> 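Sending over a structure as structure tokens; questions will come in a sec.
Counting starts at 1 for both ligands and their atoms, in listed order. Excluded from the calculations below are hydrogen atoms, water molecules and symmetry mates; all remaining heavy atoms, backbone and side chain alike, are included. Computed from a predicted structure; not experimentally measured. Counting begins at 1 with the first residue of the sequence.
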Amino acid sequence: MEFFKPLSTNTNESQPKNNSEIEQTKCLIIGSGPAGYTAAIYAARANLKPILYEGLQPGGQLTTTTEVDNFPGYPEGVTGPVLMENLKQQALRFGTDIRSGYATSVDFSKQLHTVVIDNEKTIQSPAVIIATGATAKYLGLESENKYKGLGVSGCATCDGFFYRNQDVAVVGGGDTAAEEATYLAGIARKVYLIIRKDYMRASKPMQERVAKTKNIEILYEHQTKEILGDENGVHGALLIKKGKEEVKIDISGFFLAIGHTPNTVVFKDFLKLDETGYIITTPGTSKTNIQGVFACGDVQDPHYRQAITAAGSGCIAALDAERYLGNL
Ligand code: NDP
């Protein structure tokens, strides 16, 4: 089925002359984390001539981390920004048209899907791959922002390794906090688990794992007032116990585990989301409830949230899109 006018192989020629013109493409990718770029590499190699919009944070969450030691293929490790630049270059090498801009509205009600970029440019495509990721929640403290990447992290599996035999803190009382605290306990000397209520929200088995781990100290009814540090990074945190008493802990790492927000607001009128806002895909595929709309990476994954799992699901999305287009 013909959904769009044939485009020139020269991507520059496919650009509209002005923003009011509707542009059509065969495959549109929204988001530029490991999922988006991997989808682009596969889609471009399959000659789908993908257009990729980078979104609000080009390169995604990994651009805010330092060393990435667990992405296969980098025996000496790699920094987050370098890894993302490498993925971008690989996507460009096969002809991906990478552009800045983010999706401000969509219409997935017809077979030819419509996406508006930056409230002004309309682009239509029969295959849309959503890779908009998720954003780790932060407490919103000024000191937290100041020491991001210098001891403050939203991902223990990414950054925990750097705190071998040191003391660290994890904030949160859910499954992520319990998981991150037990993970860090295997690396760090001591882990403080800072919980604002007098109980943990985490599931029973996770609570039991935490309770069994000797070097985790749970601080119930504690809230973080300030993260303390200097030019070398974090060296402590000031907590408030039961709303009044100030407590200082000495730590070199401060990990947030108070949840993630999937970046799906713009899609919510069309796509089925779970109760926390993640896009629901058919298990084992990237297919959403709308034909021709695929989701990959953290935007549809509340559980693993790793660069490599995101990249793998980006590959799946491109293959699903290619097959879908082949059957039209
Ligand atoms: P949750 O929303 O379940 O928990 C967030 C935690 O952070 C809560 O304890 C909450 O406190 C706390 N919190 C939120 N805001 C603040 C704040 N401003 N200051 C201090 N504490 C705060 O998020 P998770 O990421 O833990 O889990 C998300 C989903 O993923 C859940 O459904 C979970 O079960 C699932 N998951 C499953 C895993 C597994 O099965 N292995 C692993 C990880 C996640 P309060 O309780 O007071 O609201």
> Could you walk me through whether Phe108 and Val115 pass the side chain to side chain contact (heavy atoms under 4.5 Å, CB included) check?
CA-CA 8 Å; Phe108 294 155; Val115 176; 4.2 Å; yes
> Write out the residue and atom name of the closest protein heavy atom to atom 40 (O) of ligand 1, then the distance separating them to 0.1 Å.
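So the nearest neighbour among protein heavy atoms is His303 ND1, 4.5 Å.
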> How far apart are the C-alpha atoms of Ile308 and Asn70, what are their side-chain angles, what is the distance that settles it, and do they pass the side chain to side chain contact (heavy atoms under 4.5 Å, CB included) test?
CA-CA 8 Å; Ile308 190 63; Asn70 53 8; over 6 Å; no
> For the pair Asp118 and Lys121, find out whether any cationic side-chain nitrogen is under 4.0 Å from an anionic carboxylate oxygen.
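Result for this pair is no, no salt bridge flagged.
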> Looking only at distance, does Gly172 have an N or O less than 3.5 Å from an N or O of ligand 1?
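Gly172 vs ligand 1: no N/O contact under 3.5 Å.
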> Can you report which non-hydrogen protein atom sits closest to atom 4 (O) of ligand 1, along with the distance?
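Protein heavy atom at minimum distance: Gly174 CA, 3.7 Å.
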> For atom 7 (O) of ligand 1, what is the nearest protein heavy atom, given as residue, atom name and distance?
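The answer is Ile258 CA, 3.3 Å.
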> Among all protein heavy atoms, pick out the one at the shortest distance from atom 47 (O) of ligand 1; state its residue, atom name and that distance to 0.1 Å.
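The closest one turns out to be Arg196 NE, 2.9 Å.
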> Minimum distance, heavy atoms only, to atom 24 (P) of ligand 1: which one of Leu139, Asp274, Thr276, Thr176 is it?
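Shortest heavy-atom distance from atom 24 (P) of ligand 1: Thr176.
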> Counting heavy atoms only, which of His260, Arg201, His222 is nearest atom 10 (C) of ligand 1?
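It is Arg201 that holds the nearest heavy atom.
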> Among all the protein's non-hydrogen atoms, which is closest to atom 23 (O) of ligand 1, and how far away is it?
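Nearest protein contact, heavy atoms only, for atom 23 (O) of ligand 1 is Gly259 CA, 3.9 Å.
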> Taking atom types as modelled, find out whether Lys88 and Asn86 have a side-chain donor-acceptor pair closer than 3.5 angstrom.
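No.
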> Flag atom 32 (O) of ligand 1 as yes if some protein heavy-atom distance to it falls below 4.0 Å, otherwise no.
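It does not: no protein heavy atom is found less than 4.0 Å away from atom 32 (O) of ligand 1.
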> State whether Glu179 and Arg305 are salt-bridged, where the test is any N-O pair (Lys NZ or Arg NE/NH1/NH2 against Asp/Glu carboxylate O) under 4.0 Å.
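No, this pair does not count.
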> List the closest protein heavy-atom neighbour of atom 39 (C) of ligand 1: residue, atom name, distance to the nearest 0.1 Å.
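Nearest neighbour among protein heavy atoms for atom 39 (C) of ligand 1, to 0.1 Å: Glu179 OE2, 4.1 Å.
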> Give the residue and atom name of whichever protein heavy atom lies nearest to atom 9 (O) of ligand 1, and the separation in Å to one decimal.
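The answer is Gly173 N, 2.8 Å.
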> How close do Asn263 and Phe267 get, heavy atom to heavy atom, and via which atoms?
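Scanning both residues, the minimum pair turns out to be O-CE1, 3.8 Å.
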> Any chance you could lay out the side chain to side chain contact (heavy atoms under 4.5 Å, CB included) test for Tyr37 and Leu52, step after step, and finish with the verdict?
CA-CA 8 Å; Tyr37 282 142; Leu52 179 149; 4.0 Å; yes
> Do Lys148 and Tyr138 form a cation-pi contact, if we require the NZ or CZ to be under 6.0 Å from the six-membered ring centre and within 45 degrees of the ring's axis?
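Yes, a cation-pi geometry.
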> At their closest point, which heavy atom of Ile195 faces which heavy atom of Gly172, and how far apart are they?
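The pair with the smallest heavy-atom distance is CG1-O, 3.5 Å.
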> As an exercise, identify every atom of ligand 1 less than 4.0 angstrom from a heavy atom of Lys197.
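Close to Lys197: 45 (P), 46 (O), 47 (O), 48 (O).
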> Which of the listed options, Thr224, Asp175, Leu141, holds the heavy atom that is closest to atom 37 (C) of ligand 1?
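Looking at heavy atoms only, the winner is Asp175.
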> Going by a strict under-4.0 Å cutoff (protein heavy atoms only), does atom 44 (C) of ligand 1 have a neighbour on the protein?
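Under the 4.0 Å cut-off, atom 44 (C) of ligand 1 does have protein heavy-atom neighbours.
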> Identify the protein heavy atom lying closest to atom 30 (O) of ligand 1, giving its residue, its atom name and the separation to 0.1 Å.
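For this ligand atom, the closest protein heavy atom is Pro302 O, 4.1 Å.
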> Considering the options Thr281, Val266, Val106, Ile130, which one meets the side chain to side chain contact (heavy atoms under 4.5 Å, CB included) requirement together with Leu271?
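Exactly one pass, corresponding to Ile130.
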